[in-house]
Amino acid sequence: MAAILLLNGPNLNLLGSREPDVYGHTSLEDIQKKLAQLASTAKHELQSFQSNAEHELIERIHQAKKEKIAHIIFNPAAFTHTSIALRDALVAVEIPFIEVHLSNVHAREEFRRQSYFSDISRGVISGFGVLSYELAMTAAIETLKRDKGTSKN
Ligand code: DQA
């Protein structure tokens, strides 16, 4: 059993009502419930955290190291395109993570094509709405199996 952290950045607390044509009608609570189910079926535990504040996300990443979180699924939202501080936090804790976006960031404004996370992530899933999160959870579960298989412990 491993602990997985679902981390969501600014404005994602508004999912369901925020620009539904771009982000869909599903609330963040429903996404969290669905991912918790998927994690539990694979005998893992899911923790969830959303914040609109950069420093709170950084603190949560630091805490994840102490809690021995094995994998992070992260939608940094607008911080994707701006936050060197969050990037540095993820590099510092050395916890593998998957970058997730509901929308296809490459099919939108030019500024959304720049990510401070993609090159240090295990992988990026973008453009499938809520399914992006579900695919990320599937990938995290498979990655954990693979990492366990290659672990020297
Ligand atoms: C987002 C894409 C970002 O560009 C945007 O700022 C968001 C959400 C997505 O999930 O599609 O807030 O990360």
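Start at 1 and go down the list; that is how both ligands and their atoms are numbered. Quick caveat: nothing in here was measured; it's all calculated off a predicted structure.
Atom 7 (C) of ligand 1 has Tyr23 OH, 3.5 Å as its closest protein atom, hydrogens excluded (heavy atom only). Ranking protein heavy atoms by distance to atom 1 (C) of ligand 1, first place goes to His101 ND1, 3.7 Å. If you check which protein heavy atom lies closest to atom 9 (C) of ligand 1, you get Leu102 N, 3.4 Å.
When non-hydrogen atoms are compared, ligand 1 lies under 4.0 Å from neither the backbone nor the side chain of Val22.
Within the 4.0 Å heavy-atom cutoff, Val105 counts among the residues contacting ligand 1. In this structure, Arg18 has a heavy atom closer than 4.0 Å to ligand 1.
The number of heavy-atom neighbours closer than 6.0 Å to CD of Glu67, taken from other residues, nucleotides and ligands shown, is above 12. More than 12 heavy atoms of other shown residues, nucleotides or ligands fall within 6.0 angstrom of atom CZ in Phe49.
Heavy-atom contacts of His81 reach the following atoms of ligand 1: 3 (C), 4 (O) (cutoff under 4.0 Å).
Under 3.5 Å, the side chains of Glu54 and Asn52 contain no donor-acceptor pair of N or O atoms. A side-chain N or O of Tyr133 and one of Asn8 form a donor-acceptor pair less than 3.5 Å apart.
Side chain of Glu99 to backbone of Ile125: no donor-acceptor contact under 3.5 angstrom is found. A donor-acceptor contact shorter than 3.5 Å is absent between the side chain of Ser118 and the backbone of Gly123.
Between Arg60 and Glu56, none of the side-chain N atoms (NZ, or NE/NH1/NH2) sits under 4.0 Å from a carboxylate O, so this pair counts as no salt bridge.
Taking only non-hydrogen atoms, the option from Ser103, Ser115, Ser126 nearest to atom 11 (O) of ligand 1 is Ser103. Nearest to atom 5 (C) of ligand 1 by heavy atom, out of Arg112, Arg113, Glu109, is Arg112.
For Pro10, no nitrogen or oxygen atom sits less than 3.5 Å from a nitrogen or oxygen atom of ligand 1, counting backbone and side chain alike. At least one N or O atom of Ala78, backbone or side chain, sits closer than 3.5 Å to an N or O atom of ligand 1.
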- Kindly determine whether Lys33 and Glu29 satisfy salt bridge (charged side-chain N to carboxylate O under 4.0 Å, His left out), including the steps that lead there. CA-CA 6 Å; Lys33 276 189 201 152; Glu29 200 187 336; 3.7 Å; yes

